Amino acid sequence: MVNFKRSSGRTLTEMRKMYAKVGVIPNADGSAIFSFGDTVAIAAVYGPRQLHPQHMQDPATGILRVNYDLLSFSVYERKKPGPSRRSQEISKVTEWALSPVLDLKEFPNTVIDVQVYILQADAGTRTAGINAASLALAHAGIPMRNLVCSISVGKLDKNLVVDLDKEEEDYDEGEGATDFPIAKIANSDKYTLLQLDGKIQPEVVKKVLDLADKACDEIYEVQKKALKEVTEQ
Ligand code: ADP
């Protein structure tokens, strides 16, 4: 609906301000920070290195192992530290979103560990985390087909909006809020994550993907710029 106003004053397709920087953790093999407005994710990559215990090693391929978590102070009410069902789910979907661009067969018996921590959460933490992790893998020099870009498109009542913040995720008028986190391989039509939290009509999905594509093009530019900043140093 044309007259719909977002609480942040953004236009329907306007993303929050993005920030990306790589090489933020000197002791990691690769690292990056990525933010959408007040949502800030940091990612560190360690490996590829021999997987222990040895019986978990796969001589045919390496393994990507992601650990995502919200830090206790990232949300208004201190979060109990440690894993939860939510963090386990997001760790898994982040692995699935990133694996298609990696050729893990090049690194038999090894693991690539990716730690993703959310320093500040204002919705869209899995998407910011995927963008940060993708950059950190590239910074670690892991061969990648391309970067992975991730964004959440949502529906507030009947209005499609890009990059929901927490206030929007909690929108409860009309049909309420639907959140549709998406990841795709940059410059391609290959999607590596499609999740849906809420209701959406099948005919609207194409529009959602078109909005995600445009947003991912913008994210890709920010990611490339951050990588260039370190390679040109
Ligand atoms: P995403 O962060 O990817 O949008 P969710 O939809 O699960 O994933 O979470 C939405 C937002 O809800 C988070 O970004 C965060 O702001 C808030 N949130 C999630 N888990 C907690 C928690 N345990 N305590 C407080 N706020 C939380």
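Nothing here was measured: the structure is a model prediction, and the numbers come from that model. Both counts, for ligands and for their atoms, begin at 1 and track the order of listing. Quick note: residue numbers are just sequence positions, from 1.
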* To do: Show the numbers, then the answer: is there a side chain to side chain contact (heavy atoms under 4.5 Å, CB included) between Ile118 and Val75?
  => CA-CA 9 Å; Ile118 305 305; Val75 286; over 6 Å; no
* Asked: Quick one: which of Ser87, Ser74, Ala123 has a heavy atom closest to atom 14 (O) of ligand 1?
  -> Ala123
* In terms of side-chain geometry, is the basic nitrogen of Glu229 or Lys225 positioned less than 4.0 Å from the acidic oxygen of its partner? -> yes
* Asked: Quick one: does ligand 1 sit under 4.0 Å from the side chain of Arg126, the backbone, both or neither, non-hydrogen atoms only?
  -> both
* To do: Have a look at ligand 1 and work out which part of Val75, if any, has a heavy atom under 4.0 Å from it: side chain, backbone, both or neither.
  => side chain
* To do: Return a yes/no value for Thr125: is any of its N or O atoms, backbone included, closer than 3.5 angstrom to an N or O of ligand 1?
  => yes
* Asked: Is there side-chain contact between Asn146 and Lys190, with at least one heavy-atom pair below 4.5 Å?
  -> no
* Evaluate side chain to side chain contact (heavy atoms under 4.5 Å, CB included) for Asp213 paired with Tyr191, printing each intermediate quantity in order. => CA-CA 10 Å; Asp213 283 352; Tyr191 296 92; 2.8 Å; yes
* Structure fact -> The closest protein heavy-atom partner of atom 7 (O) of ligand 1 is Arg86 NE, 2.7 Å
* Structure fact -> the protein heavy atom lying closest to atom 10 (C) of ligand 1 turns out to be Glu169 OE1, 3.1 Å
* Does Thr11 offer a backbone N or O that forms a donor-acceptor pair with the side chain of Arg6 under 3.5 Å? -> yes
* Asked: Counting only N and O atoms by type, is there a donor-acceptor contact under 3.5 Å from the side chain of Arg65 to the main-chain atoms of Gln115?
  -> no
* Asked: With the 4.5 Å side-chain cut-off for hydrophobic clustering, are Val208 and Leu196 part of the same group?
  -> yes
* Would one find an N or O of Gly124, backbone or side chain, under 3.5 Å from an N or O of ligand 1? -> yes
* **Taking atom 15 (C) of ligand 1 as the reference point, the nearest protein heavy atom with its distance** => Ala121 CB, 3.7 Å
* Structure fact -> atom 22 (C) of ligand 1: closest protein heavy atom, distance to 0.1 Å, is Leu70 CD1, 4.1 Å
* To do: Using modelled atom types only, decide if a donor and an acceptor are shared between the side chain of Thr231 and the backbone of Leu227 within a distance under 3.5 Å.
  => yes
* **Residue, atom name and distance, where the atom is the protein heavy atom closest to atom 23 (N) of ligand 1** => Lys79 CG, 4.0 Å
* Asked: Is it the side chain (CB and beyond), the backbone, both or neither of Glu77 that lies under 4.0 Å from ligand 1, heavy atoms counted?
  -> neither
* To do: Tell me which protein heavy atom sits closest to atom 17 (C) of ligand 1, plus the residue, atom name and distance to 0.1 Å.
  => Lys166 CE, 3.6 Å
